[in-house]
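Reviewing the structure listed below.
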Amino acid sequence: MQQQRTPTGSSSDLSVSIMEEKEQLKLPNPGSCGVHLKRQLLLSWYAQSGRDLPWRRCRDPYQIWVSEIMLQQTQVKTVIPYYHRWLEQFPSLESLTVANLQQVLKAWEGLGYYSRARNLHRAAQKIVQEYGGVFPRQLQEVLALPGIGPTTAGGILSAAFNQPVAILDGNVKRVLTRLVALSVPPAKAMKQLWQISEALLDKEHPRDFNQALMDLGATVCTPKNPNCTSCPWKDSCQAYNLGIQSQLPMRELSSPLPHKTIGVAVIWNEQGHILIDRRRPEGLLGGLWEFPGGKIEPGETIEECIKREIQEELNIEIEVGDRLITINHAYSHFSITLNVHHCRHLSGIPQPVECDEIRWVTLEEIDQFPFPKANIQIIAALRQNAE
DNA sequence: TACACGTGGGT
DNA sequence: TACCCAAGTGT
């Protein structure tokens, strides 16, 4: 049974307790027994309880890179099917390079944060041009690739080449926050957290150590109801020994998400084709296709909104008809209600005023194009209607 | 530093 | 239902 201890009575060498809020982090003595023991305990735990994940079965930097990008802000369970499909379609860095962006976005469809796919594609070209298609091993070179920040760089270099580069992903952040009982939200202490991650890293076993740290966060030191009794670090965990593990990490105050009401048009022409447009390559859902529409203005009806937006965005006249479906969808920073109506094309040739490209497509062809999730619901509704 | 950037699952 | 959270990066 673990004894409760006060912060001052702790033997930890990573003491940033809530009692010492303003005090600078004391870095551990690199050779100290505390750090050495923690490494040993964690690596033993990992050998026993670590996860068996697909990307851990190889040392190919390309495959590990793909996994690291997919795993950004995304759970392992979600990534695994995408990861296998991706490697079937783009088995090598070279094959990714020669693919076009639409194919890449289609393979990414549904994963979200589509700039990851765009950057993966761009970075692949850069690796071919600047490094002859060989994934670079220098930290500075890896960091210079689009879509790769400090955590992903550390993840790749440690996993693929066993280089001693630290990481600080969400799992590690939570583990370290509890280990030192960090008294501020992690975003306010990034520098300290990086220092701790670097100080703890086992330079003899960086690959296993980093993977172990992430597994600990994902399976033991979980956001809710952490399983502290099975944690290899419980003896030196400040939060556990203070009994406050479930209250950490501290939350940032969050304001309510704004909500937008959108009018969306499924525009039919006389041939029974549907109009879709490709969004500009940057920003929200960049490069994906969608059904055109826009935000409702004060005092406007949905029908008026759709007619106006289509006139402004495509420079055509339409007749707004029956409602097809209403969709509520939550993004990370706002939520929307999509009011989708069938519409009839009356006159004018659609112009890409606020988008990159316009197409008239059939319900059969539409699957070739990458769409955001909310729009896939519209396509499903169209299919049901067609039956 | 703070915010934009998707989606699915958990409570 | 509504909110939180997840292998972060770019600006």
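None of the values given here were measured: they were computed from a predicted structure. Numbers restart at 1 for each chain; the letters A, B, ... are given by sequence-line order, proteins then strands.
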Legend entry - Side-chain heavy atoms of A/Trp108 within contact of A/Tyr82, under 4.5 Å: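 They are not in contact (no side-chain heavy atoms under 4.5 Å apart), so the answer is no.
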Legend entry - Donor-acceptor pair under 3.5 Å, A/Thr74 side chain vs B/dG6 base: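 Yes.
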Inset, instruction - Fit a plane to each ring of A/Trp65 and A/Phe135, take the angle between them on a 0 to 90° scale, and name the class: parallel (under 30°), tilted (30 to 60°) or perpendicular (over 60°). - result: tilted
Inset, instruction - Nearest-nucleotide wise, let me know which of A/Asn225 and A/Phe334 is further upstream toward the 5' end of DNA chain B. - result: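 Its nearest nucleotide lies further toward 5', so the answer is A/Phe334.
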Legend entry - Most 5' of A/Lys77 and A/Tyr331 on DNA chain B, judged by nearest nucleotide: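 Residue closer to the 5' terminus by nearest nucleotide: A/Tyr331.
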Taking the same atom, [atom1], in [N] and in [M], what whole-Å distance lies between them?
N: B/dC5; M: C/dA2; atom1: P; result: 23 Å
N: C/dC4; M: B/dC3; atom1: P; result: 15 Å
N: B/dA4; M: C/dA7; atom1: P; result: 23 Å
N: C/dT11; M: B/dG6; atom1: P; result: 14 Å

Legend entry - A/Arg39 versus A/Ala199, closest heavy-atom pair with distance: NH2-O, 3.0 Å
Inset, instruction - Can you see which heavy atom on A/Phe371 is nearest to which on A/Glu109, and at what distance? - result: N-OE2, 2.8 Å
Legend entry - Salt-bridge contact A/Glu270-A/Arg344 (side-chain N to carboxylate O under 4.0 Å):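 Looking at A/Glu270 and A/Arg344, the cut-off is not met.
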Inset, instruction - Could you check A/Pro150 against A/Ser332 and say which one's nearest nucleotide on DNA chain C is further toward the 5' end? - result: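 Taking each residue's closest nucleotide, the earlier one in sequence belongs to A/Ser332.
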Write out a two-atom table: protein N or O, nucleotide N or O from nucleotides 2-4 of chain B, distance below 3.5 Å.
unit_1 : atom_1 : unit_2   : atom_2 : d
B/dA2  : OP2    : A/Lys188 : NZ     : 3.3

Legend entry - Range on DNA chain C touched by chain A, heavy atoms, distance below 4.0 Å: C/dC4 to C/dG10
Legend entry - Donor-acceptor contact below 3.5 Å, side chain A/Gln163 vs main chain A/Arg137: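 Such a contact is found between A/Gln163 side chain and A/Arg137 backbone.
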